[in-house]
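Notes for the one structure printed next.
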Amino acid sequence: MPELPEVEVVRRGLARWVAERTVAEVEVRHPRAVRRHLAGAEDFGRRLEGERIAVPGRRGKYLWLPLTELAGDSTGTAVLAHLGMSGQLLVQPEDAPDEKHLRVRIRFADSTDTELRFVDQRTFGGLSLHDTTPDGLPDVIAHIARDPLDPLFDDEAFPTALRRRRTTIKRALLDQSLISGVGNIYADEALWRARLHYERPTATLTRPRTAELLGHVRDVMNAALAVGGTSFDSLYVNVNGESGYFDRSLDAYGREGLPCRRCGTPMRRRPWMNRSSYYCPHCQRPPRTTP
DNA sequence: AGATCGCCCTGCTTGC
DNA sequence: TGCAAGCAGGGCGATC
(Lines give C-alpha, C1' and ligand atoms only; values in the text may rest on other atoms or scores of the structure.)
Protein backbone atom coordinates (compact mmCIF):
# COMPACT_ATOMS: atom_id res chain seq x y z
CA MET A 1 0.00 0.00 0.00
CA PRO A 2 2.67 2.56 0.75
CA GLU A 3 3.80 3.98 -2.60
CA LEU A 4 6.01 6.97 -3.27
CA PRO A 5 3.86 9.67 -1.59
CA GLU A 6 3.37 7.63 1.57
CA VAL A 7 7.06 6.75 1.79
CA GLU A 8 7.99 10.40 1.28
CA VAL A 9 5.68 11.42 4.14
CA VAL A 10 7.49 8.91 6.34
CA ARG A 11 10.89 10.16 5.14
CA ARG A 12 9.97 13.73 6.11
CA GLY A 13 8.84 12.58 9.52
CA LEU A 14 12.14 10.78 10.08
CA ALA A 15 14.05 13.87 8.93
CA ARG A 16 12.30 15.82 11.65
CA TRP A 17 12.30 13.34 14.52
CA VAL A 18 15.26 10.99 14.01
CA ALA A 19 17.99 12.78 12.02
CA GLU A 20 21.03 13.87 14.06
CA ARG A 21 20.33 11.31 16.74
CA THR A 22 22.77 8.61 17.83
CA VAL A 23 21.74 4.97 18.09
CA ALA A 24 22.13 3.51 21.55
CA GLU A 25 20.46 0.12 21.33
CA VAL A 26 18.76 -2.05 18.71
CA GLU A 27 16.28 -4.79 19.49
CA VAL A 28 15.27 -7.14 16.66
CA ARG A 29 12.06 -8.84 17.75
CA HIS A 30 11.42 -10.79 14.54
CA PRO A 31 14.29 -12.08 12.38
CA ARG A 32 12.25 -11.90 9.19
CA ALA A 33 12.19 -8.10 9.48
CA VAL A 34 15.97 -7.99 8.91
CA ARG A 35 16.20 -10.94 6.49
CA ARG A 36 17.77 -8.71 3.82
CA HIS A 37 20.64 -8.08 6.24
CA LEU A 38 22.48 -11.26 5.34
CA ALA A 39 24.92 -11.10 8.26
CA GLY A 40 22.00 -11.59 10.64
CA ALA A 41 20.04 -9.76 13.32
CA GLU A 42 22.83 -9.60 15.85
CA ASP A 43 25.26 -8.08 13.34
CA PHE A 44 22.60 -5.58 12.28
CA GLY A 45 22.17 -4.30 15.81
CA ARG A 46 25.84 -4.28 16.70
CA ARG A 47 26.81 -2.26 13.63
CA LEU A 48 24.15 0.39 14.21
CA GLU A 49 24.96 1.04 17.83
CA GLY A 50 26.98 4.19 18.38
CA GLU A 51 26.36 5.56 14.88
CA ARG A 52 24.62 8.82 14.15
CA ILE A 53 21.73 9.10 11.70
CA ALA A 54 21.90 11.75 8.95
CA VAL A 55 19.12 13.17 6.77
CA PRO A 56 17.11 10.26 5.33
CA GLY A 57 17.05 9.65 1.58
CA ARG A 58 14.46 8.06 -0.69
CA ARG A 59 14.22 6.55 -4.14
CA GLY A 60 10.86 5.25 -5.25
CA LYS A 61 9.43 3.22 -2.38
CA TYR A 62 12.78 2.70 -0.68
CA LEU A 63 14.09 4.99 2.02
CA TRP A 64 17.35 4.93 3.92
CA LEU A 65 19.04 6.45 6.94
CA PRO A 66 22.68 7.33 6.18
CA LEU A 67 25.00 6.68 9.11
CA THR A 68 27.76 9.04 10.17
CA GLU A 69 30.45 9.05 12.81
CA LEU A 70 29.78 11.30 15.79
CA ALA A 71 31.96 13.96 14.16
CA GLY A 72 29.65 13.87 11.15
CA ASP A 73 31.87 12.01 8.67
CA SER A 74 30.01 9.47 6.56
CA THR A 75 30.58 5.82 7.41
CA GLY A 76 29.72 4.83 3.84
CA THR A 77 26.77 2.83 5.13
CA ALA A 78 23.03 3.33 5.48
CA VAL A 79 20.04 1.56 7.00
CA LEU A 80 17.74 0.69 4.12
CA ALA A 81 14.01 0.39 4.79
CA HIS A 82 11.18 -0.91 2.66
CA LEU A 83 7.66 -0.79 4.07
CA GLY A 84 6.33 -3.60 1.88
CA MET A 85 2.56 -3.63 2.20
CA SER A 86 2.01 -3.02 5.85
CA GLY A 87 5.26 -1.65 7.28
CA GLN A 88 5.31 1.40 9.53
CA LEU A 89 8.18 3.44 10.95
CA LEU A 90 6.86 5.04 14.11
CA VAL A 91 8.46 7.52 16.49
CA GLN A 92 6.96 6.55 19.83
CA PRO A 93 7.47 7.50 23.46
CA GLU A 94 9.74 4.91 25.06
CA ASP A 95 7.05 3.99 27.55
CA ALA A 96 4.32 3.46 24.95
CA PRO A 97 3.05 -0.15 24.97
CA ASP A 98 4.57 -2.41 22.30
CA GLU A 99 2.52 -2.73 19.14
CA LYS A 100 1.27 -6.23 18.37
CA HIS A 101 3.46 -6.45 15.26
CA LEU A 102 6.51 -4.60 16.57
CA ARG A 103 9.49 -6.09 14.70
CA VAL A 104 12.47 -3.79 15.43
CA ARG A 105 13.07 -1.17 18.13
CA ILE A 106 15.85 1.43 17.91
CA ARG A 107 16.67 3.45 21.02
CA PHE A 108 18.73 6.62 21.00
CA ALA A 109 21.48 8.03 23.18
CA ASP A 110 19.82 11.30 24.11
CA SER A 111 17.41 12.57 26.69
CA THR A 112 14.51 12.78 24.20
CA ASP A 113 12.14 10.12 25.41
CA THR A 114 11.21 8.77 21.96
CA GLU A 115 12.38 5.67 20.06
CA LEU A 116 12.03 4.47 16.46
CA ARG A 117 9.90 1.38 15.87
CA PHE A 118 9.45 -0.76 12.78
CA VAL A 119 6.01 -2.32 12.94
CA ASP A 120 4.84 -4.66 10.16
CA GLN A 121 1.84 -6.95 10.19
CA ARG A 122 2.57 -8.89 6.98
CA THR A 123 6.38 -8.74 7.18
CA PHE A 124 6.85 -8.02 3.49
CA GLY A 125 8.94 -5.04 4.48
CA GLY A 126 12.19 -4.87 6.39
CA LEU A 127 15.38 -3.12 7.46
CA SER A 128 18.97 -3.87 6.45
CA LEU A 129 22.38 -2.23 6.53
CA HIS A 130 24.36 -1.69 3.31
CA ASP A 131 27.34 0.10 1.87
CA THR A 132 26.49 3.22 -0.08
CA THR A 133 27.64 4.12 -3.59
CA PRO A 134 29.50 7.43 -4.14
CA ASP A 135 26.17 9.23 -4.69
CA GLY A 136 24.91 8.00 -1.31
CA LEU A 137 22.57 5.27 -2.58
CA PRO A 138 22.58 1.88 -0.78
CA ASP A 139 24.34 -0.46 -3.21
CA VAL A 140 21.57 -3.08 -3.28
CA ILE A 141 19.08 -0.64 -4.84
CA ALA A 142 21.33 0.55 -7.65
CA HIS A 143 18.97 -1.19 -10.09
CA ILE A 144 15.97 0.89 -8.95
CA ALA A 145 15.21 3.63 -11.48
CA ARG A 146 14.89 7.27 -10.48
CA ASP A 147 11.35 8.20 -9.51
CA PRO A 148 9.19 10.87 -11.19
CA LEU A 149 9.68 13.34 -8.33
CA ASP A 150 13.47 13.06 -8.58
CA PRO A 151 14.85 16.27 -10.15
CA LEU A 152 17.28 14.11 -12.13
CA PHE A 153 14.57 11.89 -13.65
CA ASP A 154 15.25 11.87 -17.40
CA ASP A 155 12.01 12.95 -19.11
CA GLU A 156 13.62 12.74 -22.54
CA ALA A 157 14.83 9.16 -22.13
CA PHE A 158 11.60 7.84 -20.58
CA PRO A 159 9.43 7.48 -23.72
CA THR A 160 12.25 5.70 -25.51
CA ALA A 161 12.87 3.32 -22.62
CA LEU A 162 9.12 2.70 -22.36
CA ARG A 163 8.73 1.80 -26.03
CA ARG A 164 11.71 -0.51 -25.87
CA ARG A 165 9.90 -2.73 -23.38
CA ARG A 166 7.56 -4.92 -25.34
CA THR A 167 4.82 -4.91 -22.75
CA THR A 168 1.67 -3.10 -21.69
CA ILE A 169 1.50 0.27 -19.98
CA LYS A 170 0.52 -0.71 -16.46
CA ARG A 171 3.17 -3.42 -16.26
CA ALA A 172 5.68 -0.83 -17.37
CA LEU A 173 4.53 1.71 -14.77
CA LEU A 174 4.97 -0.89 -12.04
CA ASP A 175 8.42 -1.91 -13.27
CA GLN A 176 10.71 -0.31 -10.70
CA SER A 177 13.72 -0.60 -12.99
CA LEU A 178 12.02 1.66 -15.53
CA ILE A 179 10.31 4.21 -13.26
CA SER A 180 10.13 3.75 -9.50
CA GLY A 181 7.65 4.66 -6.82
CA VAL A 182 4.47 3.79 -8.75
CA GLY A 183 2.31 1.01 -7.30
CA ASN A 184 -1.13 -0.34 -8.08
CA ILE A 185 -3.06 2.64 -6.70
CA TYR A 186 -1.22 5.49 -8.39
CA ALA A 187 -0.87 3.51 -11.63
CA ASP A 188 -4.67 3.21 -11.86
CA GLU A 189 -5.12 6.88 -10.91
CA ALA A 190 -2.63 8.16 -13.49
CA LEU A 191 -4.06 5.93 -16.23
CA TRP A 192 -7.58 7.18 -15.45
CA ARG A 193 -6.41 10.78 -15.64
CA ALA A 194 -4.64 10.07 -18.93
CA ARG A 195 -7.67 8.16 -20.30
CA LEU A 196 -5.46 5.16 -21.04
CA HIS A 197 -6.49 1.51 -20.66
CA TYR A 198 -4.12 -0.53 -18.50
CA GLU A 199 -3.46 -3.06 -21.26
CA ARG A 200 -2.43 -0.53 -23.86
CA PRO A 201 0.81 -1.74 -25.49
CA THR A 202 3.68 0.61 -24.73
CA ALA A 203 4.76 0.45 -28.38
CA THR A 204 1.59 2.35 -29.41
CA LEU A 205 2.26 5.36 -27.15
CA THR A 206 3.60 8.48 -28.85
CA ARG A 207 6.12 10.71 -27.13
CA PRO A 208 3.53 13.43 -26.38
CA ARG A 209 1.11 10.84 -24.98
CA THR A 210 3.85 9.43 -22.76
CA ALA A 211 4.82 12.91 -21.59
CA GLU A 212 1.18 13.58 -20.73
CA LEU A 213 0.94 10.34 -18.75
CA LEU A 214 4.13 11.18 -16.87
CA GLY A 215 2.63 14.56 -16.02
CA HIS A 216 -0.43 12.82 -14.57
CA VAL A 217 1.76 10.49 -12.52
CA ARG A 218 3.50 13.52 -11.04
CA ASP A 219 0.26 15.44 -10.49
CA VAL A 220 -1.48 12.62 -8.63
CA MET A 221 1.58 11.91 -6.49
CA ASN A 222 2.03 15.58 -5.57
CA ALA A 223 -1.67 15.87 -4.74
CA ALA A 224 -1.46 12.84 -2.47
CA LEU A 225 1.71 14.13 -0.85
CA ALA A 226 -0.01 17.41 -0.04
CA VAL A 227 -2.61 15.64 2.11
CA GLY A 228 -0.35 13.10 3.78
CA GLY A 229 -0.78 10.17 1.35
CA THR A 230 -3.44 7.48 0.98
CA SER A 231 -4.70 5.41 3.94
CA PHE A 232 -7.51 2.89 3.63
CA ASP A 233 -7.09 1.59 7.14
CA SER A 234 -4.59 1.82 9.96
CA LEU A 235 -1.95 -0.02 7.95
CA TYR A 236 -0.45 3.10 6.44
CA VAL A 237 0.37 5.94 8.83
CA ASN A 238 3.07 8.58 9.17
CA VAL A 239 5.73 8.43 11.89
CA ASN A 240 3.27 9.88 14.37
CA GLY A 241 0.66 7.24 13.60
CA GLU A 242 -1.63 9.57 11.65
CA SER A 243 -3.48 8.62 8.45
CA GLY A 244 -3.40 10.54 5.15
CA TYR A 245 -6.51 11.83 3.42
CA PHE A 246 -5.96 11.08 -0.26
CA ASP A 247 -8.33 8.09 -0.24
CA ARG A 248 -11.15 10.65 -0.48
CA SER A 249 -9.69 11.99 -3.70
CA LEU A 250 -9.16 8.70 -5.53
CA ASP A 251 -10.86 8.68 -8.93
CA ALA A 252 -10.28 5.05 -9.93
CA TYR A 253 -8.79 2.76 -7.28
CA GLY A 254 -11.43 0.98 -5.20
CA ARG A 255 -14.37 2.56 -7.08
CA GLU A 256 -15.88 -0.56 -8.67
CA GLY A 257 -19.53 0.09 -9.57
CA LEU A 258 -19.35 3.78 -8.65
CA PRO A 259 -19.90 6.38 -11.38
CA CYS A 260 -16.85 7.65 -13.24
CA ARG A 261 -16.17 11.19 -11.98
CA ARG A 262 -15.80 12.33 -15.60
CA CYS A 263 -18.60 10.61 -17.52
CA GLY A 264 -20.78 8.79 -14.98
CA THR A 265 -20.25 5.32 -16.42
CA PRO A 266 -19.94 2.68 -13.67
CA MET A 267 -16.29 1.95 -12.96
CA ARG A 268 -15.03 -1.60 -13.38
CA ARG A 269 -12.62 -3.83 -11.55
CA ARG A 270 -10.76 -6.54 -13.42
CA PRO A 271 -8.45 -9.20 -12.02
CA TRP A 272 -4.96 -8.42 -13.25
CA MET A 273 -1.65 -10.05 -12.32
CA ASN A 274 -3.08 -11.53 -9.11
CA ARG A 275 -4.40 -8.11 -8.10
CA SER A 276 -6.97 -5.65 -9.46
CA SER A 277 -7.20 -2.93 -12.07
CA TYR A 278 -9.86 -0.24 -11.76
CA TYR A 279 -10.86 1.73 -14.85
CA CYS A 280 -13.70 3.48 -16.64
CA PRO A 281 -14.89 1.38 -19.59
CA HIS A 282 -15.99 4.52 -21.44
CA CYS A 283 -13.04 6.87 -20.87
CA GLN A 284 -10.39 4.14 -21.01
CA ARG A 285 -11.18 2.03 -24.05
CA PRO A 286 -9.41 -1.32 -24.30
CA PRO A 287 -6.84 -1.53 -27.09
CA ARG A 288 -7.68 -3.49 -30.21
CA THR A 289 -6.36 -6.99 -29.76
CA THR A 290 -3.79 -7.73 -32.42
CA PRO A 291 -3.99 -11.24 -33.93
C1' DA B 1 18.10 -11.36 -21.74
C1' DG B 2 13.77 -9.74 -21.09
C1' DA B 3 9.11 -11.16 -19.75
C1' DT B 4 6.35 -13.89 -16.67
C1' DC B 5 5.06 -16.52 -12.65
C1' DG B 6 4.97 -18.23 -7.92
C1' DC B 7 5.91 -17.35 -3.40
C1' DC B 8 6.47 -14.89 0.95
C1' DC B 9 2.93 -13.24 5.09
C1' DT B 10 -1.32 -11.94 8.31
C1' DG B 11 -5.87 -10.35 9.20
C1' DC B 12 -10.19 -9.16 7.64
C1' DT B 13 -14.25 -10.34 4.80
C1' DT B 14 -17.19 -13.45 2.43
C1' DG B 15 -19.64 -17.67 1.56
C1' DC B 16 -21.14 -22.33 2.35
C1' DT C 1 -21.17 -21.41 14.21
C1' DG C 2 -17.07 -22.63 12.13
C1' DC C 3 -14.06 -23.19 8.77
C1' DA C 4 -12.06 -22.36 4.27
C1' DA C 5 -11.36 -19.57 0.55
C1' DG C 6 -10.57 -15.01 -1.21
C1' DC C 7 -8.36 -10.70 -1.04
C1' DA C 8 -4.98 -7.03 -0.04
C1' DG C 9 0.06 -6.97 -3.07
C1' DG C 10 5.81 -5.33 -3.68
C1' DG C 11 9.78 -7.52 -4.82
C1' DC C 12 12.66 -11.20 -5.79
C1' DG C 13 14.29 -15.52 -7.56
C1' DA C 14 13.31 -19.16 -10.74
C1' DT C 15 11.92 -20.29 -15.19
C1' DC C 16 10.84 -20.00 -20.00
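Order of the sequence lines sets the chain letters (A, B, ...), proteins ahead of strands, with each chain counted from 1. Excluded from the calculations below are hydrogen atoms, water molecules and symmetry mates; all remaining heavy atoms, backbone and side chain alike, are included.
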Q) Rounded to whole angstroms, how far apart are CG on A:Leu63 and C1' on C:dG11? A) 16 Å

(Q) Counting only heavy atoms from other residues, nucleotides and ligands, does the tally under 6.0 Å from CG of A:Asp135 exceed 12? (A) yes

Q.
So that I can tick it off, tell me whether A:Arg47 and A:Glu49 are bridged by a salt bridge, with the cut-off set at under 4.0 angstrom between side-chain N and carboxylate O.
A. no

(Q) Without decimals, in angstroms, what is the distance between A:Gln176 CD and B:dA3 P? (A) 15 Å

Q. Within the structure shown, what part of the strands sits under 4.0 Å from A:Arg35 by heavy-atom distance: base, sugar-phosphate, or nothing?
A. nothing

Q: Find the bend of the helix from B:dG2-C:dC16 to B:dC16-C:dG2 as the angle between its two terminal axes (five pairs each), to the nearest 10°.
A: 50°

Q | Set of side-chain hydrogen bond (donor to acceptor under 3.5 Å, both in side chains) partners for A:Arg218, sequence neighbours left out | A | A:Asp155

(Q) Can you confirm whether more than 12 heavy atoms, excluding those of A:Arg35, are under 6.0 Å from its CZ atom? (A) yes

Q. Does OP1 or OP2 of B:dT4 have a side-chain N or O of A:Thr167 closer than 4.0 Å?
A. yes

Q | Atom-to-atom span, CG of A:Asp175 to P of B:dA1 - whole angstrom | A | 17 Å

Q. Just by protein heavy atoms under 4.0 Å, how would nucleotides 6-13 of chain B read 5' to 3' in B, S and -?
A. --BBBS--

Q: Round to the nearest Å and state the distance from A:His143 atom NE2 to B:dG2 atom C1'.
A: 15 Å

Q) Which listed nucleotide (B:dA3, C:dG10, C:dC12) is nearest to the side chain of A:Tyr62? A) C:dC12

Q | All side-chain hydrogen bond (donor to acceptor under 3.5 Å, both in side chains) counterparts of A:Gln92, not counting sequence neighbours | A | A:Glu99

(Q) Counting only heavy atoms from other residues, nucleotides and ligands, does the tally under 6.0 Å from CZ of A:Arg16 exceed 12? (A) no

**Q.** Under the side-chain hydrogen bond (donor to acceptor under 3.5 Å, both in side chains) test, residues paired with A:Thr167 that sit two or more places apart
**A.** none

Q) Taking all non-hydrogen atoms of both residues, which atom of A:Leu116 and which atom of A:Phe108 are closest, and how far apart? A) N-CE1, 3.7 Å

Q: Using side-chain contact (heavy atoms from CB on, under 4.5 Å) as the criterion, list what pairs up with A:Ser128, not counting sequence neighbours.
A: A:Arg36, A:His37, A:Leu80, A:His130

Q. Start at the 5' end of DNA chain C and walk down; is the nucleotide closest to A:Ile144 or to A:Arg269 reached first?
A. A:Arg269

(Q) Just the rounded figure in Å: distance from C1' of C:dA8 to CD1 of A:Ile185. (A) 10 Å

Q: State whether A:Arg36 places a side-chain N or O below 4.0 Å from either non-bridging phosphate oxygen (OP1 or OP2) of C:dG11.
A: no

Q) Roughly, in whole Å, what's the span from CG in A:Asp147 to C1' in C:dG10? A) 16 Å

(Q) Rounding to an integer number of Å, can you tell me how far A:Arg165 CZ sits from B:dA1 P? (A) 14 Å

Q. How close or far is atom P of C:dG11 from atom CG of A:Leu83, stated in whole angstroms?
A. 10 Å

(Q) B:dG2, OP1 or OP2 - any side-chain N/O from A:Arg166 closer than 4.0 Å? (A) no

